[in-house]
Amino acid sequence: MRSREILLDVNGHAISPSEINNKINDFGDSYNNTVEEIIKNTKILDNDGEIFTKYAYRILSNFGMTRRGPFQKNPIERLYDCWGAVGADLIEINKSVLKSGLSRDRYLLELNVQEREGLIAKIWLLTKKLLPLTMGKTSYGLVGASKILFSVLPEIVLPIDNNEWLHVFKTVDLGDVINYMISDIQNWEAMTGFDFNKLDHSNRLTTLPSVYNVMAMYARP
């Protein structure tokens with residue numbers, strides 16, 4: 001997988017923590033406040049999918065995906081169909097995060113490599129289960145799937161739009177994207193000595209993917 005520069009510039013130098021914080025602030029309250037609410041309220045998922053449908057709808061709406069495409073008509077009904085396809089798996093992952101005792105904000109970096117590889121493989125399987133429900137005549141199903149998974153797994157999944165899929169990450173495998181994000185963050189932290197998840201001084205974006213998404217969006221051509 002090839003990608004554009006996200007946390008490192010064209011010369012291989014780390015983007016400064018202050019610059020990342022500035023980009024977070026410039027990104028806007030709509031996204032930042034929505035993600036803060038998602039992180040706070042998806043720590044434990046219910047068996048009926050109410051939390052899932054509420055926050056999946058919030059993130060899809062935030063990115064304008066309820067105004068067109070497969071979620072334009074009867075979005076809640078379609079999201080309950082999504083829950084039927086992946087809900088049991090999401091609850092299993094959610095419980096494993098809680099039982100691990102690891103920091104939710106740094107979960108991907110604290111999880112051991114073998115367990116992380118298994119988790120990423122499972123996320124890719126869930127993505128493929130969602131594709132029949134998130135793909136429309138003119139919509140890229142991977143976009144909706146990644147955003148829906150992020151809405152309840154903000155400690156694991158990166159929400160990715162069309163331009164990011166095509167021009168930043170240049171892959172159709174969400175597992176590849178997550179692995180690249182982990183490597184990029186690890187390299188950045190080794191260069192700077194800062195914890196990547198602590199770069200939002202307003203403490204709204206606290207998970208690794210929520211912060212990384214801001215920088216990946218800025219990396220679009």
Backbone of D48 reached by a side-chain donor or acceptor of D46 within 3.5 Å: yes
Nearest non-hydrogen partners of D200 and R204, listed with the distance: OD2-N, 3.0 Å
Approximate separation, where rounding is to 0.5 Å, of D81 CG and I76 CD1: 11.5 Å
Atom of F52, atom of S151 and distance for their closest heavy-atom approach: O-OG, 4.5 Å
Sidechain-backbone polar pair: N74 side chain, E77 backbone, donor-acceptor under 3.5 Å: no
Side-chain H-bond candidate by donor/acceptor type, D173 with T171, under 3.5 Å: no
Under 3.5 Å donor-acceptor, S100 side chain and V97 backbone: yes
Test item: N11 side-chain N/O and H13 main-chain N/O as donor-acceptor pair under 3.5 Å: no
Interatomic spacing from CG in N21 to CG in L199 - rounded to 0.5 Å: 7.5 Å
Y57, OH: over 12 other non-hydrogen atoms inside 6.0 angstrom: no
Within-4.5 Å side-chain heavy-atom neighbours: V157 and I148: no
Any W188 side-chain heavy atom under 4.5 Å of I6 side chain: no
Rounded distance (nearest 0.5 Å) linking atom CZ of R68 with atom NZ of K73: 15.5 Å
Stepwise side-chain contact (heavy atoms from CB on, under 4.5 Å) test for Y212 and I185: CA-CA 8 Å; Y212 196 80; I185 292 171; 3.9 Å; yes
Residues Y31 and N213: side-chain donor-acceptor under 3.5 angstrom: yes
Distance (rounded to the nearest 0.5 Å) between L142 CG and E164 CD: 12.5 Å
Derivation and outcome, side-chain contact (heavy atoms from CB on, under 4.5 Å), residues E189 and R106: CA-CA 12 Å; E189 289 191 342; R106 295 182 59 80; 2.8 Å; yes
Donor-acceptor under 3.5 Å (R78 side chain, L133 main chain): yes
D26 vs Y218, side-chain contact (heavy atoms from CB on, under 4.5 Å): CA-CA, chis, key distance, verdict: CA-CA 11 Å; D26 292 342; Y218 275 108; 3.5 Å; yes
Note: E92-K122 ion pair, threshold 4.0 Å (strictly below): yes
Min side-chain heavy-atom separation M191-L8 under 4.5 Å: yes
W165 reachable from V168 in the ILVMFWY side-chain graph, under 4.5 Å edges: yes
Rounded distance (nearest 0.5 Å) linking atom CD1 of I38 with atom CG of N33: 11.0 Å
Beyond-backbone contact of T42 with Y55, side-chain heavy atoms, under 4.5 angstrom: yes
Closest non-hydrogen atom pair, I44 against I51: O-CD1, 3.2 Å
Derivation and outcome, salt bridge (charged side-chain N to carboxylate O under 4.0 Å, His left out), residues K40 and E36: CA-CA 6 Å; K40 287 182 177 179; E36 178 187 29; 3.3 Å; yes
Path from M181 to V172 over hydrophobic side-chain contacts below 4.5 Å: yes
N187/L7 under side-chain contact (heavy atoms from CB on, under 4.5 Å): CA gap, chis, key distance, verdict: CA-CA 9 Å; N187 289 335; L7 300 185; over 6 Å; no
Exam field: side chain S146 to backbone V143, donor-acceptor pair closer than 3.5 Å: yes
Distance-only polar pair, side chains of R58 and T53, donor-acceptor under 3.5 Å: no
Side chain proximity check, K147 to L60, heavy atoms < 4.5 angstrom: yes
Under 3.5 Å donor-acceptor, N94 side chain and L90 backbone: no
ILVMFWY cluster, L130 and L125 together (side-chain gap under 4.5 Å): no
Under 3.5 Å side-chain donor-acceptor pair for T207 and D105: no
L79 side chain near F71 side chain, heavy-atom distance below 4.5 Å: yes
Separation between CG of L153 and CG of L126, rounded to the nearest 0.5 Å: 8.0 Å
Pair E115-N112, side-chain donor/acceptor within less than 3.5 Å: yes
Beyond-backbone contact of M135 with P70, side-chain heavy atoms, under 4.5 angstrom: no
Closest approach of V152 to E155 (non-hydrogen atoms, all atoms of both residues): O-OE1, 4.3 Å
Nearest atoms (heavy-atom pairs only) where I39 meets L205: CD1-CA, 4.5 Å
Side-chain donor/acceptor of D184 to backbone N/O of Y180, under 3.5 Å: no
Close side-chain approach of L98 to K43, heavy-atom, < 4.5 Å: yes
Closest contact, heavy atoms only, I91 versus N47: CD1-OD1, 3.2 Å
Pair E110 + R116, salt bridge at N-O below 4.0 Å: no
Same cluster (ILVMFWY, side-chain, under 4.5 Å), M65 and M217: yes
Cluster link L174 to L166, ILVMFWY, side chain under 4.5 Å: no
